[in-house]
Amino acid sequence: MDELIIAGRSFRSRLMVGTGKFSSNAQMAATIAASGGEIVTVALRRVNVGDQQDDLLNHIDRSKYLLLPNTSGARDAEEAVRLARLARAAGCDPWIKLEVTPDPYYLLPDPIETLKAAEILVKEGFIVLPYINADPVLAKHLQEVGVATVMPLGAPIGTNKGLRTRDNIAIIIEQAIVPVVVDAGLGAPSHAAEAMELGADAVMVNTAMAVAGNTEMMAAAFGKAVEAGRMAYLAGLGKEQKQAVASSPLTGFLRDEK
Amino acid sequence: MDELIIAGRSFRSRLMVGTGKFSSNAQMAATIAASGGEIVTVALRRVNVGDQQDDLLNHIDRSKYLLLPNTSGARDAEEAVRLARLARAAGCDPWIKLEVTPDPYYLLPDPIETLKAAEILVKEGFIVLPYINADPVLAKHLQEVGVATVMPLGAPIGTNKGLRTRDNIAIIIEQAIVPVVVDAGLGAPSHAAEAMELGADAVMVNTAMAVAGNTEMMAAAFGKAVEAGRMAYLAGLGKEQKQAVASSPLTGFLRDEK
Amino acid sequence: MDELIIAGRSFRSRLMVGTGKFSSNAQMAATIAASGGEIVTVALRRVNVGDQQDDLLNHIDRSKYLLLPNTSGARDAEEAVRLARLARAAGCDPWIKLEVTPDPYYLLPDPIETLKAAEILVKEGFIVLPYINADPVLAKHLQEVGVATVMPLGAPIGTNKGLRTRDNIAIIIEQAIVPVVVDAGLGAPSHAAEAMELGADAVMVNTAMAVAGNTEMMAAAFGKAVEAGRMAYLAGLGKEQKQAVASSPLTGFLRDEK
Amino acid sequence: MDELIIAGRSFRSRLMVGTGKFSSNAQMAATIAASGGEIVTVALRRVNVGDQQDDLLNHIDRSKYLLLPNTSGARDAEEAVRLARLARAAGCDPWIKLEVTPDPYYLLPDPIETLKAAEILVKEGFIVLPYINADPVLAKHLQEVGVATVMPLGAPIGTNKGLRTRDNIAIIIEQAIVPVVVDAGLGAPSHAAEAMELGADAVMVNTAMAVAGNTEMMAAAFGKAVEAGRMAYLAGLGKEQKQAVASSPLTGFLRDEK
Amino acid sequence: MQIIVNSKPIEVAVNCTISALVEQLNLDIKRIAIEYNREILSPEQFHTTIMNDNDCIEIVNFVGGG
Amino acid sequence: MQIIVNSKPIEVAVNCTISALVEQLNLDIKRIAIEYNREILSPEQFHTTIMNDNDCIEIVNFVGGG
Amino acid sequence: MQIIVNSKPIEVAVNCTISALVEQLNLDIKRIAIEYNREILSPEQFHTTIMNDNDCIEIVNFVGGG
Amino acid sequence: MQIIVNSKPIEVAVNCTISALVEQLNLDIKRIAIEYNREILSPEQFHTTIMNDNDCIEIVNFVGGG
C-alpha cells in the first residue's frame, strides 16, 4: 500500500491539517475529520489565566491523530528550541514542526536560525519537520543534520497563491532523501493536487480550509485532491506537447485520403 | 444532490471521457469504468472492410454510459452535419459533440462553421455540445441558437498544457445559461480541479488518461480531482492575499507583548 | 531596414497608440510623441452640440501620424460598417480598426459579426484591421476575406493583464500571412516586449499609457520595450532549459579535477 | 539623473553583463559594448600553462567597465573567500560577486555558506555582491552583515525561464536597504523588463546574450528593455483590472442612450 | 421648422441647408461627418442638401479612442 | 456489377440490396450507418434498396475518439 | 507573596508549590507545560517545587495553529 | 628541483624565485595572481620569494564568467 512514512511511522493520508483560525473547536474537529488527515498541527501559547476556555485538546482524539506542535511565534533558534521543549513537556510525542519567522509581515522562515535550531533539536531526540522557503541547498543542509522531512512553502502563509515556488520545489523533491511536504500558500485543492503531481510526499493546509464558506466540504475536497495528485504521480503523467495531438483517429474520414 | 443536468438529463459524474488512443478496447473499458464518468465520446469512421476488428461498442455498456458521438474529422459545417446525421442513423441518441476543425496541425475549432452547423443541428432536433475556442461572444451566439452546453478548450487538444485560456473561460462561465464543459488540453488532475474550482460544470478528458503509464489509476485520479474541484467551488474558496496571514495566533507569545 | 508594412505602407515604429482616456489633448499629444508611434487610433462619436471643445485633431499632425479610426461602440456588423463609412466621409484615409463588441461588460469582440463586417468593408475598398479574440481559425477566415492585419487581444481591454492568450497568439503568428498586431490588455512594457519576442509584428497600447503616473515616460518605455522585443526576436532567443547551465567555466577550479 | 549607486559608486546603466560562453573575446567585447553595461563579471581559473591564449582582459577597457570578479566554482565559504582574495591580488578593485554553489547540477547558491563568506569578506574590506536564492530573510541577514547589494536569482542559471521567483523577489525589494539585482535565469528582454518594473535596481545577464543568434543585437535589446522597465517603474504602472475598461468613450454612440 | 440632430430636436429656418445647419451649430466643416436620414453625405453635398421638417441628422467627429 | 464502397470498388451481384452487401462484407447491421449515393438510409431501408452499377456507398461505424 | 505568571503579578501563599498554583488557577495539569524561572519542569516536579517571592512562571497550553 | 604548479609537476632551477617561474612559464605578471603554499603573494613578493622542492604553487587568471 502507498503509505507516507515519516521517521518510521506510517500514515495513510498525505494531507496534514492545521487547527488555526476556526470559529470553534467543534468546527475544527469536524473539519479535520472530513479531511481524512492524520497529522494535525497545534501551536503553543500562554494560558489565558482567568479565562477558562474549552480546551482544544478535548476535541482531538489522540489515538487517531498525531499531534504535531509547531514553534510558531519563534523569532530565532533559541525561542524555537524553548517552544519545542515546552511542547514535549506538555506531553506531546517529540515531533515538532519547526518554524522560525522573524519577519512579522510575511512570516517567512529564517534559513540560518532554522538550521541552527534543527541541529539542536535533532540532537535532543526530536523528530524535526522544518518549515522553509523553497531553497534546495538549505533543504540539503537540513537533511544532513537529520530532519525527518522538509516543508518548503508554496507561497507565503495564508496567501492562497498556490505553488509559486514550483521550480525550486521540483528540485528539492528530486534531491530529497526524506519526505517533502509542501506547506503554506496552497489555497485550493488544485494547488494541492499540483504539488502531489510534482512528486511531493504530502501537503499541509490550514487557512484554505478555515476560511472556506463550508469548512468540512473544503476539507473533504482537499482530501480528494491530494489523493488525485498522488495517484496521478504514481500513474505517470504525460508530457506537455507544443502542437495538438488528435484524440480521435486521423484516418478513415468520409473523403478520399491523400 | 449536486447533479450535472444537460438537456434535462441528469448525471452524477462531471467528468466526460474520450475513448481514443487506448491500446485496446479492454483497456479503454477499464479506464472509463475507473473514471466514474457517465458520458463517453466516440468518433465515426469508415468501416475497415475486410479487417474485422473487435467492435468498440461491445465494450461500452449503453445502459450505464451515454454514448456521445463526435464529428471529428469535419472541416466545415456541411461535413459536421453529415457526420451527426450518420451517428444518429447508427442508432445513437441524438446527442452530438460538434467539432469542426479545418486546421490539421492544431486541430482548433472553427467559430463560423461551428455556429452554422449548430444552428442546423439544433433545428433537426439534436442535443448539440459544441467544441469551441474560449471565445465568450461565440459562446453566447451558440447559446442563442440553442446548444445544450458549450465546450471551450483549455489548450489545444492533446497538449496537456492545462487551463491556458483561464481568463476567457471565467467569462464564459459567468455569462453562461447552459453547462460549461472544459474540453481539451487538460493534462493532469490538477488542471481538471482548477477548471471545476473556477465554476465549470464539467470537464472532458481523453489524452491525459490514454497516455498515462497506468490508465486506470489516472482515470480514478481525474475522477477524484473533478469531485474535489466541484466541492471546493461549492464550499467557497478564499481569495488570494498579497501579504501573509498567520494561521497560528499572533498573541500569547512567550514574551511581553508590545 | 526592419520596417512594419501594412497594406503596402511602411512604418518605422511597431507601436500603435490609442488616444483615449487622456486628461487633456496636450497630454495626449505629448504622449504619442514620446511613444515614437506612427499610427494613432481615434473613435467616432456624436458631436457635442453647444459644447465647443478643443478638437482632438488640432493636436495630431497628420503628416506625421496615420489616423486610424476605430468602430468602437458598434454592436454588430451593420453598426460597424456605418461607422467605418462615416470615418471615411470625415476625411480619413480608408483605414479602419474594426471593433464589434456586443458585450458591454468585457468588451470582447464578436467573431461572427466582425467577419461579416470585414468582408463588406474590404469590398468597399477599406484597409481593415480587425480586433479579435485570439482565435487562430477566425484569424485565417479574416485573412481569406482580405484584411490587412489581424489584431488579437492579449487580455480584455483595459485590464493590464498582459499576454494571457499567449498560446493562441503564437499559433496565429505562425500561420499568418498579414502582420499580427497584439491589441488590448498589455499593461506593462514587459508585456509588449513579450509579444514582440513571440513574433508579433506590432502591438497596440492605450490604457497603460493613459493611466500611468507619468504618461510620457510610460510611452517612451513602451517604445523602447517594443524595439527590445523586436530585436530579440530577430537576434534569436535561447530555449528554456530544465537544468542549470553554468555561465562560468566548469574546469580550471582550484582543486584537483576528478 | 536616475543612476544606480552601489557602495557609493554611480552607474548610468542598470544592466550587468557576464563574459562567459562567448565564442571569442572579440564577440564578447562587441556584445558588452552593445549592451551599454558598465559592470562586467569575470571568473577566476587556473592559468592554462603552456597554452597561451589571448587574455580576456586585453578586450575589456577598465577605464570604461568595472571588472566584477565572481567566486564561481566555490563550494563553501572557505573556497569563496580564497577566490575573492586571489581576485584582489590579481589587481582588481575589492568588489566581489559572491557565489557559493555546492550543487553541480542546478548551481544553486548555499544560504549558510554565502552568509558566512559575506561576513568575512565585508570585514576584510570587500564590496560584496552575493548571489542568492530568492529568500527575503536571507537577504535581510546579508544586509545586516554589510553587503553592497543582494542578487537573488530569477530562475536557475542558464535556464532562460524568467522571473519564476517573482513573489519572493517582490518582498526582497520591498524590504531592501541596498540595491537589488536580479541575477540568473533571465532569458529574454521581457524578463529583464519585468524585473525592473517590479522595482529591481538592476539585472544581470550572461547566457541569454551569449547563446543568441546575434549576440550584439540581443545585448542591445536587453539594454533597451532594462531602460524600458526602469522607466515604467518610475512612471507608475496601472493595476490589473478584473473587468474590461474601455479605452474609447462609452457615450456619444450613434443611438439613443438609455 | 424642427429637425432632429443627434436625437435632439433643433429649430432651423425653412429650406435650411446642411451647410447652414453646420454654421448655425458653429461646427468646423473639415472635422465632421454627417448622415442625412441615414445617408452619408459628402462635404460637397452639404450646400445642395435642403432639409425638411423632421429630418434626422447625425453629426459625428473624432474623439480620443483606443 | 461494380459499386464503390468507402472509395474502393467492390463487385456485387446484380440487383444486390444494401442488406446483401452488409452480409457479403460480414458487417454487424446494428453497429453501422450507411450513406447510399450521399443519402443516409435508415436500417429499414437496407432491405428495400437495390443498388445499381457505380453506386457510391459509405459505411461507417464507431471507433475510439475524444 | 507575589510571583509573576505569564508576565502578570499573582498573589500566592508562602511556600506555595507549583501544584498548588495550578490548582489555584484552576488549570488542567495534563494540558499544560510550565517553565519555572526559565527551567522547564516535568509534571513530577510540580509537587516538589516550592516557589519564592518574585519567581517567574510561564504556563503554556496548546491552541489552534498551522 | 620539482615544484607543483596547478596540480602538475614542473622542473625549475634550484633557488628559483616566483618571478623566474612566471618568466619561465611565459605569463604576463599583470594578469595573474599566485598562491604560494596556500599563501597569496602580492606582486612585490614575487621577486623575493625563493621556492623549495615540492612547493605548491597556484597561478590563476581571469576568464569569461557570469
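Residue numbers begin at 1 in each chain, while the letters A, B, ... track the order of the sequences.
- Proximity to chain H is limited to the side chain of D/Met204, based on heavy atoms less than 4.5 angstrom apart.
- Minimum heavy-atom separation, D/Asn206 to H/Gly66: ND2-CA, 3.1 Å.
- Once rounded to the nearest 0.5 Å, the distance linking CG of D/Leu57 with NZ of H/Lys30 reads 10.5 Å.
- Contacts between D/Ala184 and chain H at a heavy-atom distance below 4.5 Å are absent for every atom of the residue.
- Neither the backbone nor the side chain of D/Arg88 comes within contact range of chain H; no heavy atom of the residue lies under 4.5 Å from a heavy atom of that chain.
- Here the closest non-hydrogen pair linking H/Ile40 and D/Arg85 is CD1-CB, 3.2 Å.
- At a cut-off of 3.5 Å, with distance as the only test, no side-chain donor of H/Asn61 or D/Arg46 sits close to an acceptor on the other residue.
- With rounding to the nearest 0.5 Å, the separation of CG in H/Leu27 from CG in D/Asp55 is 10.0 Å.
- In this structure, no portion of D/Lys21 lies under 4.5 Å from any heavy atom of chain H.
- For the options D/Ser72, D/Cys92, D/Ala90, heavy-atom pairs under 4.5 Å to chain H are most numerous at D/Ala90.
- With a 4.5 Å cut-off on non-hydrogen atoms, D/Asn25 does not touch chain H at all.
- Remark: D/Glu124 CD is packed, more than 12 non-hydrogen atoms of other residues, nucleotides or ligands lying under 6.0 Å away.
- For the residue pair H/Ala33 and D/Leu86, the shortest heavy atom distance occurs at CB-O, 3.3 Å.
- Annotation: the span from D/Thr41 atom OG1 to H/Phe62 atom CZ amounts to 11.5 Å, rounded to 0.5 Å.
- Using a cutoff of 4.0 Å between basic side-chain nitrogens and carboxylate oxygens, D/Glu78 and H/Arg38 are scored as salt-bridged.
- For the set D/Leu83, D/Leu68, D/Val42, D/Ile60, the entry with the most heavy-atom pairs within less than 4.5 Å of chain H is D/Val42.
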